[in-house]
*Asks:* 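Just passing along the structure, written as structure tokens.
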Amino acid sequence: MAQVPPIFPSGDPEARAALRALLHRAADAVADYLGGLGDRPIFPAQPQAPAGELLPEHGEPLEHVFGAAAHWAVENSVHVGHPGYAGHMDSGVAVAGVLADFLAGALNQNLLAFELAPGATLLEKGLIQAFARLAGLPEGAGGLFTTGGTTANLTALLLARDAASRDGSRVGLSAERPLGVLCSRDAHYSIHKAAAVLGLGSERVLAVPVAPPERRLDPGALEGVYRGAVERGIRPVALVATAGTTSCGAIDPIGACADFCEEHGLWLHVDAALSGPLLFHPQERARLAGIQRADSIALDPHKWLYASKCAGILLVRNGRDLVPARYEAPYLDRFTSHGEALPVSQGRRSLEGSRRFDALKVWMILRHLGRRGVAALLEDRLRMTRWFHQALSEHPFFFPCHIPDSNVQAFAPRERAEEGRVAAAHRALETGGRLWSSYTRLDGRPCHRVVLLNPSGTEQHLRGILEGLEAGHRHGGPIPALLQSSPPADPARPQPGWCSIPRPHDPPPQHDRP
Ligand SMILES: Cc1ncc(COP(=O)(O)O)c(C=O)c1O
């Protein structure tokens, strides 16, 4: 009979000492990695899967496994904490979050049930109440942690759908008039995914035009889109206001959206995945005015609160709304030995089943930074974004595509002919290894984009990005395969003009679409 390998540490002093030595080694490796982030290229030149048999017959000593795994993982990762990385809504992770993940991994709590995670459940509930108060939601608000913005948005739209339909989760939607969701044309695609999953259909996501110069949802266009939908037999049930759009960081006018929802009896969901942390800033929180009127709010601490993935939050105005479906799960309800009911398990409220103790890292990060620390971090990145916007406004080659509401800035070459080289210029910058921005399309047209999260990123890095991209435009060739893979602009969608700020050589509006 094969010997059972020792996968858990034992109380034996020798085994404890060995475990301690291994964990010290792991701590050294992580400290070296985090301390040397700026010294390595941001992207692996040629990412490789690990060598060797992935399902080996025989095991190896853990020291070897750790050494090999650490080496492979570091060499084949993108280093989002590098000071030159300004690409997506990902960044270096707060050290408090690294420590929390380490601890949470060892504790292995399951937020499914109170009895599997008593303290974790109480902490999660406490943080939910604290975030709800921060957002100005009334007494009775509730919520839960999710794996991210996508699940928070999905759960919110499920609640919206069921509030409007005759209990669609229980009886299905077959007898319903088609239901729809309004959101800005720049809303995140997780709204479309949610509509698909919820049986509304992604085509029932009704795009509201955005207005220059920030590319916020245009409240003046809401009524027209709403009426157009009703005339086509669709019943809109919710409006999603985005607080920090993915492409431009625009913050939709939440107050005007709340007025519209009140008038038409719609559920107001605020997707504040990116810019929700502005609530911590005594002045900048005014950008989110009206958020206290939302029926639900999505937050994503693994973005601008520097938590490691995953950590999302859903807040719900009325905590009692938060029961995603009726089901039998008596094994989740327990009583103490004295017969008192235990606090309701968060698994009763969650679309997900087993869940990690993600609240721990959010709590530790907030405790480490304090509200003031968070506000200072946000302010620093907002200042850097304003600086970059100004630099672009004066730049001979590039110009800013919008005025930034938060920490995202899209920009494009002034010469329209250069648009075809956006992907190639990006590739050239990436090859340099020290700087990284991303690229996207606005109204179907290619442009560059930075998301300014890493506090170590400086003006010098941003100047370098502009220099590198300009050189890429001037000397790199187009990459036709990449450009061809872009889906064509949807002709049914309104095209309000690509850029909010006219550039010097802009062609007349009729040329605005290819
Ligand atoms: C505005 C917005 N909402 C939702 C999401 C989805 O968040 P997650 O990736 O955490 O699911 C994103 C992701 O970038 C986003 O930008």
Side-chain angles (χ1 to χ4, degrees), residues 78 80 85-91 93 97 131 143-158 160 181-198 202 205 207-208 210 214-217 238-254 257 268-279 287-288 291 294 296-315 350-352 355-356 358-359 361-362 381 385 402 404-410 437-442 449-453:
V78 52
V80 290
Y85 180 92
H88 291 297
M89 293 178 181
D90 299 76
S91 69
V93 51
F131 274 101
L144 78 166
F145 273 63
T146 65
T147 49
T150 299
T151 327
N153 286 339
L154 171 64
T155 313
L157 291 180
L158 167 65
V181 174
L182 298 158
C183 61
S184 119
R185 61 173 308 180
D186 283 0
H188 190 253
Y189 74 99
S190 53
I191 304 302
H192 299 76
K193 280 201 273 187
V197 172
L198 296 173
S202 56
V205 176
V208 182
V210 293
E214 299 90 353
R215 287 187 70 96
R216 299 173 186 156
L217 177 147
L239 167 59
V240 178
T242 310
T245 55
T246 317
S247 51
C248 300
I251 299 178
D252 291 340
I254 303 173
C257 291
L268 175 62
H269 174 61
V270 180
D271 177 0
L274 174 67
S275 298
L278 290 176
L279 287 166
R287 292 176 190 256
L288 303 174
I291 197 168
S296 54
I297 301 170
L299 303 169
D300 229 359
H302 64 207
K303 292 186 165 62
W304 213 354
L305 272 183
Y306 303 98
S308 50
K309 285 163 202 71
C310 290
I313 289 178
L314 172 67
L315 299 177
S350 164
L351 282 182
E352 294 155 67
R355 271 187 315 124
R356 275 171 53 92
D358 290 322
K361 61 195 163 202
V362 175
R381 291 301 91 187
T385 316
H402 59 96
D405 266 342
S406 34
N407 62 339
V408 185
Q409 177 71 65
S437 56
S438 54
Y439 65 97
T440 183
R441 288 185 305 277
L442 286 180
R449 162 182 174 263
V450 292
V451 183
L452 301 184
L453 278 170

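Both counts, for ligands and for their atoms, begin at 1 and track the order of listing.
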*Asks:* Are the side chain of Ser184 and the backbone N or O of Val210 linked by a donor-acceptor pair below 3.5 Å?
*Replies:*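 Looks like no, no N/O pair under 3.5 Å.
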*Asks:* Taking non-hydrogen atoms within less than 4.0 Å of ligand 1, which protein residues qualify?
*Replies:*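 Within the 4.0 Å shell of ligand 1, which is judged on heavy atoms, sit Met89, Gly148, Gly149, Thr150, Asn153, His188, Ser190, Thr242, Gly244, Thr246, Asp271, Ala273, Asp300, His302, Lys303.
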*Asks:* Donor-acceptor pair, distance only, cut-off 3.5 Å: does the side chain of His302 make one with the backbone of Ala311?
*Replies:*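 Confirmed, His302 side chain pairs with Ala311 backbone.
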*Asks:* Please name all residues satisfying salt bridge (Lys or Arg N to Asp or Glu O under 4.0 Å) with Arg356, sequence neighbours left out, ordered by chain then number.
*Replies:*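 For Arg356 the salt bridge (Lys or Arg N to Asp or Glu O under 4.0 Å) partners, ignoring immediate neighbours, are Asp101, Asp358.
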*Asks:* Indicate yes or no: at least one non-hydrogen side-chain atom of Ser275 is less than 4.5 angstrom from one of Asp405.
*Replies:*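 They are not in side-chain contact.
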*Asks:* How many angstroms lie between atom SG of Cys310 and atom CZ of Arg355, to the nearest 0.5 angstrom?
*Replies:*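 Separation between the atoms: 12.0 Å.
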*Asks:* Measure the CG-OG1 distance between Asp300 and Thr147 for me, rounded to the nearest 0.5 Å.
*Replies:*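 Atom-to-atom, Asp300:CG and Thr147:OG1 are 9.0 Å apart.
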